[in-house]
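Here is the structure we will look at.
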Amino acid sequence: MTLLDTEPIAIEARKNARYYLDQAFYYTTLIFALTIAVALGWIIVQIGITAFPAIEKFGLGFLTSTTWDPVRNIYGVLPQIYGTIVSAMIALLVAVPLGLGIAVFLSEDFLPTFVSVPIAFAIELLAAIPSVVIGLWGIFVLIPFLRPFYGFLYNYLGWIPLFGSSPRGNSILTLGLVLAFMILPLITSISRGTLVSLPPHLRQGAMALGATRWETILRVLIPAGFSGIVGSVMLALGRAMGETMAAAMLVGNANRINISLLEPGSTIASLIASQFGEAGREQVSALLYAGLVLMILTLMVNILAEIIIQKFQNVER
């Protein structure tokens with residue numbers, strides 16, 4: 001058998017080996033994906049089973065009631081839903097402009113690479129700080145620092161209902177600011193990665209057409225990477241809504257709806273964290289019903305993110 005005769009056999013063997021490797025990789029990743037889906041479904045089923053007595057007893061009125069009374073076994077989570085949404089919105093209002101601005105600053109050669117890369121790495125390391133440590137930092141550092149600022153808001157802007165109460169340390173506003181600090185690395189990291197991965201010809205083409213640096217950034221690069229930026233914001237929103245320890249330590253755990261952001265409030269996650277350890281059977285059922293509500297809210301956020309991302313990906317194509 002000559003060399004020319006053996007070469008097609010070797011090529012065919014390599015093709016077969018590549019095919020079997022591809023198939024092995026495909027089925028392995030498929031099994032992992034199905035395992036995650038099954039695990040998620042199992043978690044939802046178990047939570048639903050435990051929460052079923054509360055679901056059966058309170059129904060949808062659980063979502064509109066403001067009473068949480070373990071003594072009489074009457075439960076409702078409207079104040080917690082309100083606190084969860086408001087604190088997460090405050091976090092986004094603070095973190096999105098900062099995170100996107102930092103991402104642009106680090107990705108568009110405003111600094112030398114040997115300076116921008118360590119800064120980006122340090123920002124990503126902030127995400128590794130445990131939430132309980134951030135909560136302690138909020139109590140002992142941030143709250144004393146913010147007291148004069150809260151006093152200014154109350155004294156000069158107290159006619160606005162959002163700042164119309166005497167300032168306190170533990171409040172929805174304090175929690176919102178701490179959540180902004182916690183989700184800032186997530187928004188910055190993903191947005192920076194999106195902007196860095198954009199094709200270079202977008203920048204070059206915009207510059208060739210006479211666009212300034214900021215026109216290129218604002219009118220070309222950010223719209224081109226908008227789907228990735230929206231994805232980072234929605235992931236950060238999910239993180240903010242589900243934060244537990246920092247929320248339990250900083251929100252004040254007041255079971256009422258306050259228009260003023262300077263008043264204590266409550267979130268679903270902080271309610272579960274603060275009461276689960278000493279809850280009776282009916283209260284555990286109500287707490288898991290609240291957890292199911294939080295999961296549904298997070299799922300709605302993820303669905304909305306997917307819709308927005310798909311829409312802008314179609315525009316980008």
Side-chain angles (χ1 to χ4, degrees), residues 8-51 88 92 95-96 99-100 103 106-107 117 120-131 182-202 221-244 269 288 291-317:
I9 298 176
I11 293 174
E12 187 66 25
R14 286 197 297 270
K15 287 183 178 179
N16 290 336
R18 188 179 300 114
Y19 171 78
Y20 289 123
L21 287 173
D22 289 343
Q23 290 297 305
F25 177 78
Y26 169 79
Y27 285 110
T28 302
T29 53
L30 178 62
I31 290 171
F32 287 157
L34 292 176
T35 302
I36 293 172
V38 170
L40 179 60
W42 180 76
I43 291 171
I44 294 174
V45 168
Q46 291 300 314
I47 292 176
I49 291 173
T50 309
L92 287 186
V96 170
L100 184 56
L106 294 177
S107 63
V117 171
F121 182 70
I123 292 174
E124 292 175 2
L125 283 179
L126 293 177
I129 300 176
S131 60
M182 296 179 71
I183 66 176
L184 182 63
L186 186 61
I187 295 175
T188 302
S189 178
I190 298 178
S191 298
R192 177 178 175 270
T194 299
L195 295 174
V196 168
S197 65
L198 291 176
H201 64 76
L202 290 177
L221 300 182
I222 291 180
F226 194 71
S227 60
I229 294 171
V230 170
S232 72
V233 172
M234 291 303 176
L235 286 174
L237 177 58
R239 167 74 191 279
M241 292 175 66
E243 175 53 41
T244 302
L288 289 181
L292 198 60
V293 171
L294 181 59
M295 289 184 65
I296 293 172
L297 289 175
T298 307
L299 178 62
M300 291 171 60
V301 168
N302 289 333
I303 292 173
L304 178 62
E306 187 64 27
I307 292 173
I308 295 174
I309 289 172
Q310 290 296 327
K311 177 180 177 181
F312 281 96
Q313 280 180 341
N314 293 333
V315 172
E316 290 164 11
R317 292 191 189 102

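Position 1 is the first residue of the sequence, and the numbers go up from there.
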_Residue pair Ala269 / Met241: nearest heavy atoms and the distance that separates them_ = CB-O, 4.5 Å
*asked:* Would you say that Ile183 contacts Leu92 through its side chain, given a criterion of any heavy-atom pair below 4.5 Å between the two side chains?
replied: yes
*asked:* Would you compute the distance between atom OG of Ser107 and atom CG of Leu198 and round it to the nearest 0.5 angstrom?
replied: 8.5 Å
_Would you compute the distance between atom OG1 of Thr29 and atom CG of Leu34 and round it to the nearest 0.5 angstrom?_
9.5 Å
*Verdict with reasoning, Met234 to Leu237, per side chain to side chain contact (heavy atoms under 4.5 Å, CB included)*: CA-CA 5 Å; Met234 291 303 176; Leu237 177 58; 4.3 Å; yes
*asked:* Could you measure the distance from the CG atom of Leu106 to the OG atom of Ser191? Nearest 0.5 Å is fine.
replied: 11.0 Å
*asked:* How close do Arg192 and Ala103 get, counting heavy atoms only, and between which atoms?
replied: N-CB, 3.6 Å
*Determine the minimum heavy-atom distance between Leu100 and Ile187, stating which atoms define it.*
N-CG2, 4.3 Å
_Within this structure, what is the CG-CG distance for the pair Asn302 and Leu297, rounded to the nearest 0.5 Å?_
11.0 Å
*Partner residues of Ile190 under the side-chain contact (heavy atoms from CB on, under 4.5 Å) criterion, sequence neighbours left out*: Leu186, Thr194, Ser232, Leu235
*Report yes if some heavy atom in the side chain of Leu126 is under 4.5 Å from a heavy atom in the side chain of Thr188; otherwise report no.*
no
*Gap separating the CG atom of Leu40 from the OG1 atom of Thr35, nearest 0.5 angstrom*: 12.5 Å
*What residues form a side-chain contact (heavy atoms from CB on, under 4.5 Å) with Ile47, not counting sequence neighbours?*
Ile43, Leu288, Leu292, Met295
*Report the distance from atom OG1 of Thr244 to atom CG of Leu294, rounding to the nearest 0.5 Å.*
8.0 Å
